[in-house]
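Let me begin by presenting the structure, written as structure tokens, before commenting on it.
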Amino acid sequence: MPTSASSAVPGRPPSVDALARSLADSGLPHPLLVDIARSAIAANDPESARARVAAMQRTMLQPVINATGVLLHTNLGRAPIDQMPPGSYTNLEFDLGSGSRGSRHHHAGSLLATACGAQAAVVVNNNAAAVLLALAALAAGQKVAVSRGEAVEIGGSFRVPEVLATSRATLVDVGTTNRTRVTDYQSARNEHGDALAMFLKVHPSNYVVEGFTESASVAGLSKAAAGYENRPIVVADIGSGLLDAACPWLPAGPPAWLRDEPAARQTIHDGADLIMFSGDKLLGGPQAGIIAGRADLVARCANHPLARALRPGGMVLAALQTTALAYLRRDAHLTIPFWRMACLSVESLQTRAIAMGVGTPQPMLAMPGAGTLPGVEIDSFGIALAGDHTRALLKQSRPIIARCENDTTLVDLRTITPSDDDYVAASLRAVLAAAAQRHNG
Ligand SMILES: *Cc1c(COP(=O)(O)O)cnc(C)c1O
């Protein structure tokens with residue numbers, strides 16, 4: 001038994017303070033240690049204090065190793081970003097040209113607009129906020145036509161009909177669950193007249209309707225809208241923020257698994273007046289929502305009172321600016337972690353798996369994740385360990401998140417940074433050794 005403060009006076013509970021001080025090597029601030037010591041003593045179990053410290057440390061935001069092969073894992077912060085702004089002041093809302101107050105929307109927003117061929121863009125906290133803001137600014141008190149097949153729940157109880165209601169717009173259902181045509185939107189407009197101010201398309205990111213299906217294209221809706229004197233605006237929530245279907249930032253062009261994913265540049269080109277997308281899905285940046293399109297509409301969004309409540313902070317805008325610059329330089333395959341990992345060859349993953357020298361190297365299937373591209377799998381490679389070691393891997397000093405299938409632990413190398421391979425290999429060895437010892441002992 002190791003000696004500790006709790007055994008200082010046999011038979012008597014230690015003082016809260018002594019117990020807290022005995023845990024100082026954990027690095028947790030003293031007030032937290034006092035709370036932990038107090039609850040351990042209150043539970044009549046001062047010996048549990050160490051375990052309580054470890055449990056508390058596991059609740060803290062910290063770097064983890066994603067061995068799941070899910071590139072955009074919502075529970076692991078979706079797209080990883082490896083740029084952090086320097087610890088200094090920034091010109092967040094200061095115009096260095098005029099020396100007077102500037103707008104935080106001018107940095108990342110304008111670069112992203114350029115990158116996707118839009119006139120302007122404004123950035124908010126996430127895409128849910130972007131949809132809410134666009135509807136509140138452009139359709140409050142008016143009617144919005146949405147296909148019955150697109151009145152979806154995106155996840156985290158973000159439901160299109162409820163967002164519309166929250167923004168005080170009225171939903172007009174058009175078409176059917178599996179088939180909606182441009183003429184359905186036109187009938188709705190003819191019935192409701194000018195009160196129907198918007199044709200809204202929502203990409204059903206996280207599910208697919210297969211079989212006898214049809215949906216109206218943005219190009220079709222844009223053409224139809226142009227037929228009215230008081231033109232309804234065409235708005236598309238494209239979801240995952242693929243910037244350009246041609247992927248000019250990838251030397252080998254678009255990977256096969258990107259098929260059918262709506263892209264910002266093409267949606268604008270097809271005539272959408274406004275699009276919305278996430279910053280941390282296929283864009284590969286920080287959590288953010290981007291509203292891009294016609295300058296007058298973007299300005300109405302940016303000037304709406306809700307925009308102030310939904311605005312992102314400087315760290316997010318700096319990371320998003322770095323992301324936008326990578327696209328404009330066309331080196332996103334090297335500089336944006338999501339694309340870097342997505343583009344790794346299976347051969348390179350296999351070489352790493354063999355070099356790690358632990359477990360059984362074998363092919364596996366990774367996936368994009370974050371509700372994007374449902375059903376899409378990306379060939380990958382990793383290490384299999386017999387038995388379920390996922391809980392033991394979570395307890396490593398840098399937690400490793402792995403999958404278990406059929407009583408086999410799968411460690412997918414596609415989502416692991418190569419510089420972490422040695423650490424992961426050592427952890428796998430340690431976990432296997434501990435399991436063998438438990439088995440024998
Ligand atoms: C993911 C998604 C959202 C929500 O985006 P967040 O950035 O997570 O708020 C909204 N609409 C669509 C179509 C999506 O795919």
Side-chain angles (χ1 to χ4, degrees), residues 70-81 108-109 112 116 121-136 139 144 146-167 169 171 180 198-209 215-218 234-243 245 258 260-264 266-268 272 274-293 301 306-307 309-313 316-317 319-320 323 338 367-376:
V70 181
L71 287 154
L72 303 166
H73 198 304
T74 298
N75 301 148
L76 305 181
R78 289 194 186 156
I81 45 173
L112 282 167
C116 71
V122 58
V123 182
V124 290
N125 279 324
N126 50 41
N127 193 25
V131 177
L132 179 68
L133 176 58
L135 287 168
V144 176
V146 182
S147 161
R148 285 195 164 83
E150 297 178 4
V152 295
E153 174 170 320
I154 301 298
S157 62
F158 178 75
R159 296 178 151 186
V160 170
E162 287 164 19
V163 178
L164 263 133
T166 307
S167 61
L171 174 70
T180 302
M198 184 188 292
F199 293 163
L200 174 65
K201 274 193 73 70
V202 181
H203 180 54
S205 306
N206 49 9
Y207 76 102
V208 268
V209 185
S215 67
S217 68
V218 166
V234 177
V235 176
D237 171 9
I238 63 169
S240 35
L242 174 63
L243 217 49
L258 264 186
D260 300 337
E261 184 64 17
Q266 283 71 24
T267 309
I268 296 276
L274 213 59
I275 59 172
M276 291 83 95
F277 53 92
S278 289
D280 56 354
K281 292 182 179 171
L282 295 180
L283 191 70
Q287 180 192 303
I290 294 101
I291 303 175
C301 293
L306 256 185
L310 302 175
R311 74 181 191 184
V316 166
L317 291 170
L320 203 55
T323 306
F338 167 76
M367 53 183 155
T372 61
L373 301 153
V376 166

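One-based numbering, in listed order, for ligands and for the atoms of each.
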Could you tell me whether the side chain of K201 and the main chain of A272 form a donor-acceptor pair under 3.5 Å?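 No, the answer is negative, given that no donor and acceptor are paired below the 3.5 Å cut-off.
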Would a distance-only check, ignoring hydrogens and angles, find a side-chain to backbone donor-acceptor pair under 3.5 Å from D280 to P286?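 Not a single qualifying donor-acceptor pair exists.
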Can you see which heavy atom on L320 is nearest to which on A288, and at what distance?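 Closest pair (atom of L320, atom of A288, distance): CD2-CB, 4.1 Å.
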What residue and atom, counting heavy atoms only, is the protein's closest point to [atom], and at what distance?
atom                    : value
atom 9 (O) of ligand 1  : A128 N, 2.8 Å
atom 7 (O) of ligand 1  : S278 OG, 2.6 Å
atom 10 (C) of ligand 1 : N127 ND2, 3.2 Å
atom 3 (C) of ligand 1  : I154 CG2, 3.4 Å
atom 2 (C) of ligand 1  : K281 NZ, 2.5 Å
atom 13 (C) of ligand 1 : H203 O, 3.1 Å

CG-CG distance between N127 and D237, expressed to the nearest 0.5 angstrom: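 It is 4.5 Å, given to the nearest 0.5 Å.
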Please say whether D237 places an N or O atom under 3.5 Å from an N or O atom belonging to ligand 1.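 Among all N and O atoms of D237, at least one is under 3.5 Å from an N or O of ligand 1.
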Any N or O of V131 closer than 3.5 Å to N or O of ligand 1: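 N/O-N/O distance below 3.5 Å does not exist for this pair.
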Heavy atom of M276, distance to ligand 1 below 4.0 Å: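 No, M276 has no heavy atom closer than 4.0 Å to ligand 1.
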Is M367 atom CE crowded by more than 12 heavy atoms from other residues, nucleotides or ligands, each under 6.0 Å away?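 Counting neighbours around CE of M367, 12 or fewer heavy atoms of other residues, nucleotides or ligands fall under 6.0 Å, so no.
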How about L258 and L242: do any of their side-chain heavy atoms sit closer than 4.5 Å?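 Side-chain contact under 4.5 Å: yes.
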F338 side chain reached by L71 side chain, heavy atoms, under 4.5 Å: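 The answer is yes, as the side chains (C-beta and beyond) meet within the 4.5 Å cut-off.
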